[in-house]
Amino acid sequence: MALALQLAEQGNYSTSPNPRVGCVVVKNNQILGQAGHLKAGQAHAEVLALSQAGSDAQGADVYVTLEPCNHVGRTPPCVDALLNAGVRRVVVAMQDPNPLVAGQGIARLQAAGISVELSLLAAQAQALNPGFISRMTRHRPYLRSKLAASLDGRTALSNGLSQWITSEAARADVQHWRALSCAVVTGIGTVLQDNPSLSLRSPELIKAALSRQPLRVIVDSTLRTPPDSQILSAVSLQTGPVLIAYAQASLEKQQALQRAGLTLLALPNNAGQVDLPALLSHLSALGVNEVLLEAGAALNGAFLQAQLIDEFIFYYAAKLMGGHAQPMFAVPALTDMAQAQSLQITDIRQLGPDLRLRAKPVPA
């Protein structure tokens, strides 16, 4: 099963919107087939591994990181392949949270007389697919907030300058999280101040992602995004599409951006701003599993207050920028320490001269 999990990781950057799945076929202590699912629409891991094993798969044991599917999607059900191969036993790391499967694949295997064992290395399998699990169970993607800051927690000078706080090593690491994500979300403040492209630029990661670029999303309540901004001028088959979520804007502004080839989405809330929970629900409906939030203090603060951040990725540079520099999160002043957001630190490591700290919010 550990090997199956490693095989599943081969699809880290490319399987969206499908889950990452690995499979190993074993008989008489010999591995007959092994594969990971790499791209939606292509063969699933079970089918690939069984094809390697051929007729020797009859009477074999199969280790798979996710319950085999029992419905017709872009490919036939994997349960059919296992039944046709005549396998003896199937060991499953975790049940599929997809309501179209959700135990039905296991039940069908058992009904056919195949022995099924569940929950071997389940925690590791769940960690492999946080976005897919979130989309299936919460109907919203798994959201990571990436922040680059000085050691005193400042993300930009008072005049807005922020390039570059962290080193090339930290910025290269961000490319990994961008490639892992189905969508990158930023705010109009970041677009106006930094003029980023937010595309995947690493040749190695572009190759690993099979040229898949994340959807780039701008939260822009009144459509202030300049038509000549870099994120819009970079719209192409190579850099992927751009979606702008807005609340209210003139027809003239809407038409100008639509002529630039952009998709606009009106999602106003009662305050006249973009409804962030509705935005995540919309992204979930598009098949987005994981979102990387690369934004400034205002949008990070809004997502934090709405309790929509599942994980933080902090990059700390060995610099001090002072009290007049801009903070990570723009939130109302707290009046009691009990109001502070507690975090569980899950990983700390050094990247060049910088530190990367991963943490998850602790529920109140």
Side-chain angles (χ1 to χ4, degrees), residues 16-17 140-141 143 145-146 155-157 159-164 174-175 178-179 181-201 206 209 211-288 290-303 305-306 308 326 330:
S16 173
R140 67 176 178 89
L143 189 143
S145 174
K146 183 275 294 183
T155 60
L157 300 178
N159 61 8
L161 291 178
S162 63
Q163 296 177 334
W164 297 100
V174 172
Q175 287 281 302
R178 206 175 276 180
S181 304
C182 309
V184 177
V185 174
T186 194
I188 181 59
T190 298
V191 171
L192 294 176
Q193 182 62 51
D194 296 341
N195 195 23
S197 67
L198 297 181
S199 59
L200 185 59
R201 297 185 298 274
I206 291 174
S211 298
R212 180 189 67 83
Q213 286 278 353
L215 170 68
R216 291 167 294 165
V217 181
I218 304 172
V219 178
D220 181 4
S221 293
T222 58
L223 290 186
R224 293 186 292 148
T225 301
D228 61 349
S229 59
Q230 186 166 302
I231 193 171
L232 304 190
S233 62
V235 175
S236 68
L237 293 175
Q238 286 73 40
T239 58
V242 172
L243 168 69
I244 301 182
Y246 72 101
Q248 49 192 344
S250 67
L251 182 60
E252 182 182 0
K253 284 185 175 181
Q254 295 177 47
Q255 291 175 338
L257 291 170
Q258 287 170 335
R259 282 195 297 268
L262 307 174
T263 300
L264 303 183
L265 178 66
L267 289 176
N269 62 15
N270 294 333
Q273 297 176 324
V274 173
D275 187 324
L276 298 180
L279 173 60
L280 292 185
S281 295
H282 178 80
L283 294 178
S284 175
L286 294 179
V288 169
E290 296 172 38
V291 168
L292 183 64
L293 177 62
E294 297 193 50
L299 191 56
N300 267 302
F303 271 100
Q305 286 186 279
L308 296 173
Q326 297 182 18

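Please read these numbers as outputs of a predicted model, since none were measured by experiment.
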Original post:
Can you tell me how far CG of Asp194 sits from OG of Ser229, rounded to the nearest 0.5 angstrom?
Top reply: 12.0 Å
**OP:** Taking Arg216 for its side chain and Ser197 for its backbone only, find out whether a donor-acceptor pair lies under 3.5 Å.
**Re:** yes
Do any side-chain atoms of residues 260-278 form donor-acceptor pairs under 3.5 angstrom with protein atoms, and if so which ones, sequence neighbours left out?
residue: Asn269; atom: OD1; partner: Ala271; partner atom: N; Å: 3.0
residue: Asn269; atom: OD1; partner: Gly272; partner atom: N; Å: 3.1
residue: Asn269; atom: OD1; partner: Gln273; partner atom: N; Å: 2.8
residue: Asp275; atom: OD1; partner: Ala278; partner atom: N; Å: 3.0

Original post:
Between atom OG1 of Thr225 and atom CD1 of Ile231, what is the distance when rounded to the nearest 0.5 Å?
Top reply: 8.0 Å
**OP:** Identify the two heavy atoms, one from Leu292 and one from Lys146, that lie closest to each other, and give their separation to 0.1 Å.
**Re:** CD1-CB, 3.9 Å
Subject >> Interatomic spacing from CD1 in Ile244 to CG in Leu257 - rounded to 0.5 Å >> reply: 4.5 Å
Original post:
Arg140 versus Leu283: any side-chain heavy-atom pair under 4.5 Å?
Top reply: no
**OP:** Find the distance between CZ (Arg212) and OG (Ser181) and round it off to the nearest 0.5 Å.
**Re:** 8.0 Å
Original post:
Does any N or O in the side chain of Gln248 come within less than 3.5 Å of the main-chain N or O of Thr222, such that one atom is a donor and the other an acceptor?
Top reply: no
**OP:** Output the distance between atom OG1 (Thr186) and atom CG (Asp220), rounded to the nearest 0.5 Å.
**Re:** 10.5 Å
Original post:
For the side chain of Arg178 and the backbone of Gln213, is there at least one donor-acceptor N/O pair under 3.5 Å apart?
Top reply: no
Original post:
Would you say the side chain of Ile188 lies within less than 4.5 Å of the side chain of Ser221, judging by non-hydrogen atoms?
Top reply: no
Subject >> Pairing residues for Gln254 by the side chain to side chain donor-acceptor pair (under 3.5 Å) criterion, not counting sequence neighbours >> reply: Tyr246
Original post:
Below 4.5 Å, heavy atoms only, C-beta onward: do Val291 and Pro214 meet side chain to side chain?
Top reply: no
Original post:
Does the side chain of Ile206 reach to within under 4.5 Å of the side chain of Arg201, using non-hydrogen atoms?
Top reply: no
